[in-house]
Amino acid sequence: MKSVPRSPHGSRLRHSPWLALILVLAGLLSAATVAAAAFGVPDLTFTPKSEKQFTNIDVARAYSKNYYGVPNAKAGPTPAADGSSDWTTPLNQHSNYAREVRRVVHKGDKWLRSHRRVKHRAIVLDVDDTTLTTMNYELFSNWDFNPVTNAVFVGLTGTTFTGNMFPATPGMVHLVREAKALGYAVFFVTGRGDAQHQATIANLVNDAAAGLPDITSVTFSGGTVPEIDAGYPPATPLDTGHGGFADGLFTKPPVGSYPAYLDRPQFCGPSIHATPAVSCPTVQYKSGTRAYIRSQGFRIVANFGDQFSDLKGGFADRAFKMPNPNYFLP
């Protein structure tokens, strides 16, 4: 950095614009560091003392629409009567969200290419808002998650497969195809339950890959949209140790059915042996699953996820955080 001349009156510069600039930059850097620490992994127990300490919820929804490139979209389950944007509108591929995702994809692609000679190389990917984008459901539900209506977007009405509605995350199909071409094993690790296993494969790959009927459109709540087969390459087959699944997609088993490899004190052991048994937290479930993949001889070169709980816990050389301003999962 260019040196600052000393004052003839001593070591301190009086009214120095350089010093003022340095102090301002230092202050901004400090504030940014604090902000990153505060907002990177938020404290959900924090109780604001003033409305100024958090964003107005209606304003946050508007910001989300703007970010995803649907600024005038109608929120709610009923499609817009005037033909304006709503939950049936296709994902905007030129939004700020799409651009930010593609920046992560670009970094991930460079990293995978630079490690293409690693033996037994593999990548791990989350599903919701990592490989499939759920903004259409946020609009449908007005950012109020309901497991029954969300399951319809996943592809299930009750237990019947009725077609998938989540589009591929921009750039990610290309990334995963390139990884496969470079010799990487591909695994998907999701918090979705085992009951949604086949519907998830149908959305990620196609209906036939999941052994399900080929559906071309989905009609729900007065709207009709094309059924989505994202076109990802199938995951690398690997026995998951539960549910009879051996296809490289790890869905979360129900309480009481966790595989033996998760029954470790640092993973899901405490949840398994609780009285009564409880659901394993995401960090322990996903890190334990990555540890299992590694125990099968794979080296996880990259782990992609939109939640910090997708990425914490180790067992991957590098983590790539996908943007998702819509919800937080500890």
Side-chain angles (χ1 to χ4, degrees), residues 30-68 75 97 100-101 104 124-151 153-154 166 169 189-193 196 250-255 258 262 265-272 274 276-290 303-316 319-330:
S30 176
T33 302
V34 171
F39 298 111
V41 182
D43 176 9
L44 299 185
T45 66
F46 172 69
T47 301
K49 295 182 179 179
S50 167
E51 65 169 312
K52 297 177 182 178
Q53 292 180 296
F54 62 102
T55 301
N56 179 282
I57 293 172
D58 281 338
V59 172
R61 290 190 184 110
Y63 285 177
S64 182
K65 292 178 186 179
N66 296 345
Y67 175 61
Y68 281 86
Y97 165 74
E100 187 170 10
V101 164
V104 179
V124 166
L125 307 108
D126 172 53
V127 174
D128 291 304
D129 294 290
T130 297
T131 48
L132 302 174
T133 296
T134 69
M135 180 59 181
N136 54 355
Y137 181 72
E138 301 303 334
L139 286 171
F140 175 92
S141 66
N142 200 19
W143 286 266
D144 187 12
F145 180 85
N146 178 293
V148 175
T149 56
N150 182 263
F153 279 71
V154 168
F166 290 134
T169 299
V189 180
T190 175
R192 293 184 180 188
Q196 297 182 341
F250 291 77
T251 43
K252 192 172 184 179
V255 173
Y258 288 112
L262 289 177
Q266 68 272 38
F267 302 135
C268 298
S271 300
I272 292 170
V278 296
S279 180
C280 183
T282 301
V283 172
Q284 286 74 19
Y285 156 63
K286 291 202 168 186
S287 61
T289 301
R290 292 193 300 273
N303 178 26
F304 294 83
D306 66 292
Q307 301 290 318
F308 289 101
S309 53
D310 297 330
L311 307 174
K312 293 174 65 177
F315 302 100
F320 289 87
K321 173 69 170 62
M322 307 294 287
N324 179 6
N326 286 323
Y327 57 86
F328 173 77
L329 299 175

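Only this structure's heavy atoms are used, side chains among them; waters, hydrogens and symmetry mates stay out.
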**Student:** Does Asn326 reach the main-chain N or O of Trp143 with its side chain, forming a donor-acceptor pair under 3.5 Å?
**Tutor:** no
**Student:** Look at the side chain of Thr131 and the backbone N and O of Asp126, then say whether any donor-acceptor pair between them is shorter than 3.5 Å.
**Tutor:** yes
**Student:** Can you find a side-chain donor-acceptor pair between Tyr67 and Glu100 that sits under 3.5 Å?
**Tutor:** yes
**Student:** I'd like to check the ring pair (Phe, Tyr, Trp, His ring centres under 6.0 Å) partners of Phe304; sequence neighbours left out, ordered by chain and number.
**Tutor:** Phe320
**Student:** A side-chain contact here means heavy atoms from C-beta on lying under 4.5 Å apart; do Thr282 and Gln307 qualify?
**Tutor:** no
**Student:** So, Thr130 side chain and Asp306 main chain: donor-acceptor pair closer than 3.5 Å or not?
**Tutor:**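 Yes, because the side chain of Thr130 sits within donor-acceptor range (under 3.5 Å) of the backbone of Asp306.
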**Student:** Would you name the heavy atoms of Pro323 and Val104 that are closest together and state the gap between them?
**Tutor:**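 Shortest heavy-atom contact: CD-CG2, 4.3 Å.
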**Student:** State, to 0.1 Å, how close Thr169 and Val101 come at their nearest heavy-atom pair, and which atoms those are.
**Tutor:**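 Looking at all heavy atoms of both residues, the shortest contact is CG2-CG1, 3.6 Å.
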**Student:** Which atom names give the shortest non-hydrogen contact between Arg61 and Asp58, and what distance separates them?
**Tutor:**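 It is NH1-OD1, 2.9 Å.
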**Student:** Between Tyr258 and Cys280 (side chain of the first, backbone of the second, donor and acceptor by atom type, cut-off under 3.5 Å), is there such a pair?
**Tutor:**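 Confirmed, Tyr258 side chain pairs with Cys280 backbone.
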**Student:** Are there over 12 heavy-atom neighbours, none belonging to Tyr63, within less than 6.0 Å of that residue's OH?
**Tutor:**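 No, OH of Tyr63 has 12 or fewer neighbouring heavy atoms, counting only those of other groups under 6.0 Å.
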**Student:** For the CZ atom of Phe250 and the CZ atom of Arg290, what is their distance to the nearest 0.5 Å?
**Tutor:** 12.0 Å
**Student:** Side chains of Glu51 and Asn56, heavy atoms from C-beta outward: is any pair under 4.5 Å?
**Tutor:**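 Of all side-chain heavy-atom pairs linking Asn56 with Glu51, none is under 4.5 Å.
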**Student:** Using modelled atom types and a 3.5 Å cut-off, is there a donor and acceptor pairing between side-chain atoms of Ser64 and backbone atoms of Ala60?
**Tutor:** no
**Student:** Tell me the closest heavy-atom pair linking Gln284 and Pro281, and the distance in Å.
**Tutor:**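 Smallest interatomic distance, heavy atoms only, reads OE1-CB, 3.0 Å.
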**Student:** Check Val278 against Val255 and note the closest heavy-atom contact, atom names and distance.
**Tutor:**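 Nearest heavy atoms, Val278 then Val255: C-CG2, 3.7 Å.
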**Student:** Where do Ser287 and Val283 come nearest, in terms of heavy atoms and distance?
**Tutor:** OG-O, 2.7 Å
**Student:** Determine whether more than 12 heavy atoms belonging to other residues, nucleotides or ligands lie under 6.0 Å from atom CG of Leu44.
**Tutor:** yes
**Student:** Report the residues that fulfil ring pair (Phe, Tyr, Trp, His ring centres under 6.0 Å) with Phe153, sequence neighbours left out, ordered by chain and then residue number.
**Tutor:** Trp87, Tyr137, Phe140, Phe166
**Student:** Would you check if the side chain of Lys286 reaches a backbone N or O of Ser309 as a donor-acceptor pair within less than 3.5 Å?
**Tutor:** no
**Student:** Give, for atom OG1 of Thr47 and atom CD of Gln53, the distance between the pair rounded to the nearest 0.5 Å.
**Tutor:**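 Answer for the OG1-CD pair, Thr47 versus Gln53, is 10.0 Å.
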**Student:** Are more than 12 heavy atoms from other residues, nucleotides or ligands located less than 6.0 Å from atom NZ of Lys321?
**Tutor:**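 Enclosed.
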**Student:** Rounded to the nearest 0.5 Å, how far does CD of Glu138 lie from CG of Asn324?
**Tutor:**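 The CD atom of Glu138 is 7.5 Å from CG of Asn324, to the nearest 0.5 Å.
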**Student:** Consider side chain to side chain contact (heavy atoms under 4.5 Å, CB included). Of Val148, Asn146, Val154, which one does Asn150 pass it with?
**Tutor:**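 So, applying the side chain to side chain contact (heavy atoms under 4.5 Å, CB included) to Asn150 and each of Val148, Asn146, Val154, only Val154 qualifies.
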**Student:** Where the side chain of Asp129 meets the backbone of Thr134, is there a donor-acceptor pair that is under 3.5 Å apart?
**Tutor:**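 Checking the backbone N and O of Thr134 against the side chain of Asp129, a donor-acceptor pair under 3.5 Å is found.
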**Student:** If you measure only the distance, is there a donor-acceptor pair under 3.5 Å linking the side chains of Tyr97 and Thr133?
**Tutor:**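 There is such a pair between these side chains.
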